[in-house]
A.B. asks: 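Below you'll find the structure I mean.
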Amino acid sequence: KPVTAYSEQEASEAAIALRQTLNQWSEDYYTKDNPEVEDHVYDAAYRDLQELETAFPSIVTPDSITQRVGGAVLSGFTKVRHEIPMLSMGDVFSRDELTEFDQRIQKNVGHPVAYNVELKIDGLAISLVYENGKLVQGSTRGDGTIGEDITQNLQTISSIPQTLTKPVSIEVRGECYMPKQAFANLNHQQEERGEAVFANPRNAAAGSLRQLDTRVTKARKLDTFIYTISTFDDLQVKTQHEAIETLEELGFMTNPTQRVCHNLEEVWQYIDDYQAQRDDLPYGIDGIVLKVNDLKLQSQLGHTVKVPRWEIAYKFPPEEAQTVVRKIEWTV
Ligand code: NAD
């Protein structure tokens, strides 16, 4: 039945059940790197919980998955505190919702804005800290505040520079992913050895990065795209587009597909272009990301407890099935 037909008591009970299910799926996904269900199934259940909590704000609990960044820290790794939290990202699944996002932004800042549009790489977020141009620490997102120190594992990835082209002290963030070919080879090897295969490249990348034996990580052929400068030193950067150009100049691997879009027509064009090429790309993408290009406007817009207000992911429909089949029933 529609959320509006629920009594508060019914909504609260349904939310508790949904949170339990989502917490279990999150643990399988983030901690065990072995998802129980496909992303679109998780996303649909998350949406149901969000709708319930929006309709009945009194049932929201601070530990609800809608109020925190999913993810956990494995014991065995040293913990790293992220001074600037590594947040999650809001997502939308239709062009109407993307239009609403744009309208919200325009209302908030009082005028139309340009967006830097990027591919949403299907991997996991990493943070890299450089002091005077030297890599000193690399970590996972973890729960957003505390991540895992995986410096040695990240040092095995050839696209991550040990030394930058300038002696700057900065923190950068980006995505670590497993290329499609490396994923196919890895699963082939796993099968030959009679070992479990990985569900998808994202989980294979996460499992490969969080290895206590650095040699295993090295053999897994991981790669990176870096897209965020989170502390700037004295770099003269005013937009997200410039940030990516600067990252490239510093020696990072950046994704060449970023495009500044001045209106939604240009955004639709970008979506059409890359949705069509999705299968031909050598890495997995699960959508595109719209980021307010002006960094000053970004900080003016700020963030909620979980997501920045200045960016949004538009997720592509699931690859195998165009219609969402709910494999698992839940109560809403
Ligand atoms: P998310 O992965 O949907 O989006 C945020 C992340 O996008 C960032 O942390 C970053 O790592 C990544 N990203 C990729 N390209 C980027 C770019 N160009 N710019 C900025 N960021 C970029 O959000 P999340 O909180 O990490 O995870 C939630 C999602 O994980 C869910 O929507 C669901 O699809 C999936 N999930 C699935 C299961 C399951 O059981 N299948 C369980 C939990 C979560």
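We're numbering straight along the sequence, starting at 1. Every number for a ligand or one of its atoms is a count from 1 in the order of the listing.
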A.B. asks: Run the side chain to side chain donor-acceptor pair (under 3.5 Å) test on Ser208 and Arg220 for me, step by step, so that the C-alpha distance in whole Å, both residues' side-chain angles and the decisive distance to 0.1 Å come before the verdict.
C.D. replies: CA-CA 7 Å; Ser208 304; Arg220 296 283 174 87; 2.8 Å; yes

A.B. asks: Note the single closest protein heavy atom to atom 30 (O) of ligand 1, along with its residue, its atom name and the distance in Å.
C.D. replies: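 Heavy-atom neighbour on the protein nearest atom 30 (O) of ligand 1: Tyr29 OH, 3.5 Å.
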
A.B. asks: So does Glu171 pair up with Arg173, basic N to acidic O under 4.0 Å?
C.D. replies: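 Looking at Arg173 together with Glu171, the answer is yes, because their closest N to O distance falls below 4.0 Å.
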
A.B. asks: Are any of the N or O atoms of Glu311 closer than 3.5 Å to those of ligand 1?
C.D. replies: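 No, there is no polar N/O contact under 3.5 Å.
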
A.B. asks: Show which atoms of ligand 1 fall inside a sub-4.0 Å distance from at least one heavy-atom site of Leu119.
C.D. replies: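 Those qualifying, in numeric order: 15 (N), 17 (C), 18 (N).
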
A.B. asks: Is any side-chain N of the basic residue among Arg141 and Glu175 closer than 4.0 Å to the acidic one's carboxylate O?
C.D. replies: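 No, Arg141 and Glu175 are not salt-bridged.
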
A.B. asks: What protein heavy atom sits nearest atom 41 (N) of ligand 1, and how far away is it?
C.D. replies: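 Residue, atom and distance for the closest contact: Val37 O, 2.8 Å.
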
A.B. asks: So which of Met89, Lys120, Lys315, Gln258 gets nearest to atom 29 (C) of ligand 1, if we judge by its closest heavy atom?
C.D. replies: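 Among Met89, Lys120, Lys315, Gln258, the closest heavy atom to atom 29 (C) of ligand 1 belongs to Lys315.
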
A.B. asks: Only heavy atoms of Arg141, strictly under 4.0 Å: list the atoms of ligand 1 that pass.
C.D. replies: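 What qualifies from ligand 1 is 9 (O), 24 (P), 25 (O), 26 (O).
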
A.B. asks: Aromatic rings Tyr274 and Tyr270: how do their planes relate, parallel, tilted or perpendicular, breaks at 30° and 60°?
C.D. replies: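 Because their plane-to-plane angle lies in the 30° to 60° range, the rings of Tyr274 and Tyr270 count as tilted.
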
A.B. asks: Looking only at protein heavy atoms, which one is nearest to atom 37 (C) of ligand 1, and what is the separation?
C.D. replies: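 Its nearest protein heavy-atom neighbour is Asp39 OD1, 3.1 Å.
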
A.B. asks: Can you tell me the protein heavy atom closest to atom 19 (N) of ligand 1 and the distance?
C.D. replies: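 Heavy-atom neighbour on the protein nearest atom 19 (N) of ligand 1: Lys291 NZ, 2.8 Å.
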
A.B. asks: Output the list of atoms in ligand 1 that are nearer than 4.0 Å to some heavy atom of Asp91, sorted by atom number.
C.D. replies: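 It comes down to these atoms of ligand 1: 32 (O).
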
A.B. asks: Which residue owns the protein heavy atom closest to atom 22 (C) of ligand 1, what's the atom, and how far is it?
C.D. replies: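 Minimum-distance protein heavy atom for atom 22 (C) of ligand 1 reads Tyr227 OH, 3.1 Å.
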
A.B. asks: Quick check: Ser26 and ligand 1, any N/O pair under 3.5 Å apart?
C.D. replies: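 Between Ser26 and ligand 1, no N or O pair is found under 3.5 Å apart.
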
A.B. asks: Find all atoms of ligand 1 within a distance of less than 4.0 Å from any non-hydrogen atom belonging to Glu118, and give their numbers and elements.
C.D. replies: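 Matching atoms, with element in brackets: 17 (C), 18 (N), 19 (N).
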
A.B. asks: Who's the nearest protein heavy-atom neighbour of atom 31 (C) of ligand 1, and how far?
C.D. replies: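 The answer is Asp43 OD1, 3.2 Å.
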
A.B. asks: Write out the residue and atom name of the closest protein heavy atom to atom 27 (O) of ligand 1, then the distance separating them to 0.1 Å.
C.D. replies: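 Nearest neighbour among protein heavy atoms for atom 27 (O) of ligand 1, to 0.1 Å: Tyr30 OH, 2.8 Å.
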
A.B. asks: Would you say Ile121 has any N or O atom under 3.5 Å from an N or O of ligand 1, going by distance alone?
C.D. replies: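 The answer is yes, given that Ile121 and ligand 1 share an N or O pair closer than 3.5 Å.
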
A.B. asks: Give the atom numbers and elements of ligand 1 that come within less than 4.0 Å of a heavy atom of Ser88.
C.D. replies: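 Near Ser88, the atoms of ligand 1 are 23 (O), 24 (P), 25 (O).
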
A.B. asks: One thing to verify: whether Arg19 and Glu53 come together as a salt bridge, which I'm taking to mean a side-chain N less than 4.0 angstrom from a carboxylate O.
C.D. replies: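 Salt bridge between Glu53 and Arg19, a charged N being under 4.0 Å from a carboxylate O: yes.
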
A.B. asks: I'd like to know whether the aromatic ring centres of Phe183 and Tyr177 sit less than 6.0 Å apart in this structure.
C.D. replies: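 No, too far apart.
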
A.B. asks: Should you measure from each heavy atom of Glu38, which atoms of ligand 1 turn up under 4.0 Å away?
C.D. replies: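 Once the distances to Glu38 are compared, the set is 41 (N).
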
A.B. asks: Atoms of ligand 1 less than 4.0 Å from Ala125 heavy atoms?
C.D. replies: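 Counting atoms of ligand 1 from 1, those under 4.0 Å from Ala125 are 9 (O), 11 (O).
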
A.B. asks: Using the ring centroid of each side chain, check whether Phe225 and Tyr283 are separated by less than 6.0 Å.
C.D. replies: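 Between Tyr283 and Phe225, which both carry aromatic rings, the centre distance is below 6.0 Å.
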
A.B. asks: Given Met86, Glu175, Gln24, which has its nearest heavy atom closest to atom 12 (C) of ligand 1?
C.D. replies: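 Ranked by closest heavy atom to atom 12 (C) of ligand 1, first place is Glu175.
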
A.B. asks: Below 4.0 angstrom, N of the basic side chain to O of the carboxylate: do Arg95 and Asp272 qualify?
C.D. replies: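 Looking at Asp272 together with Arg95, the answer is yes, because their closest N to O distance falls below 4.0 Å.
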
A.B. asks: Quick check on contacts: which atoms of ligand 1 are under 4.0 angstrom from a heavy atom of Trp25?
C.D. replies: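 Here the atoms of ligand 1 in question are 40 (O), 42 (C).
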
A.B. asks: Would Val289 and Val117 count as a side-chain contact (heavy atoms from CB on, under 4.5 Å) if you check the C-alpha gap in whole Å, the side-chain angles of each, and the deciding distance to 0.1 Å?
C.D. replies: CA-CA 6 Å; Val289 187; Val117 188; over 6 Å; no

A.B. asks: Does Arg202 count as lying over the ring of Tyr29, i.e. NZ or CZ under 6.0 Å from the six-ring centre, within 45 degrees of the axis?
C.D. replies: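 Judged by the rule (NZ or CZ under 6.0 Å from the ring centre, within 45° of its axis), Arg202 counts as positioned above Tyr29.
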
A.B. asks: When you look at His262 and Val260, which way does the side-chain contact (heavy atoms from CB on, under 4.5 Å) test go after all the steps?
C.D. replies: CA-CA 7 Å; His262 299 90; Val260 177; 3.8 Å; yes

A.B. asks: Answer yes when Lys315 and Asp43 have at least one side-chain N-carboxylate O distance shorter than 4.0 Å, and no when they do not.
C.D. replies: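 A salt bridge is present here (some side-chain N lies under 4.0 Å from a carboxylate O).
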
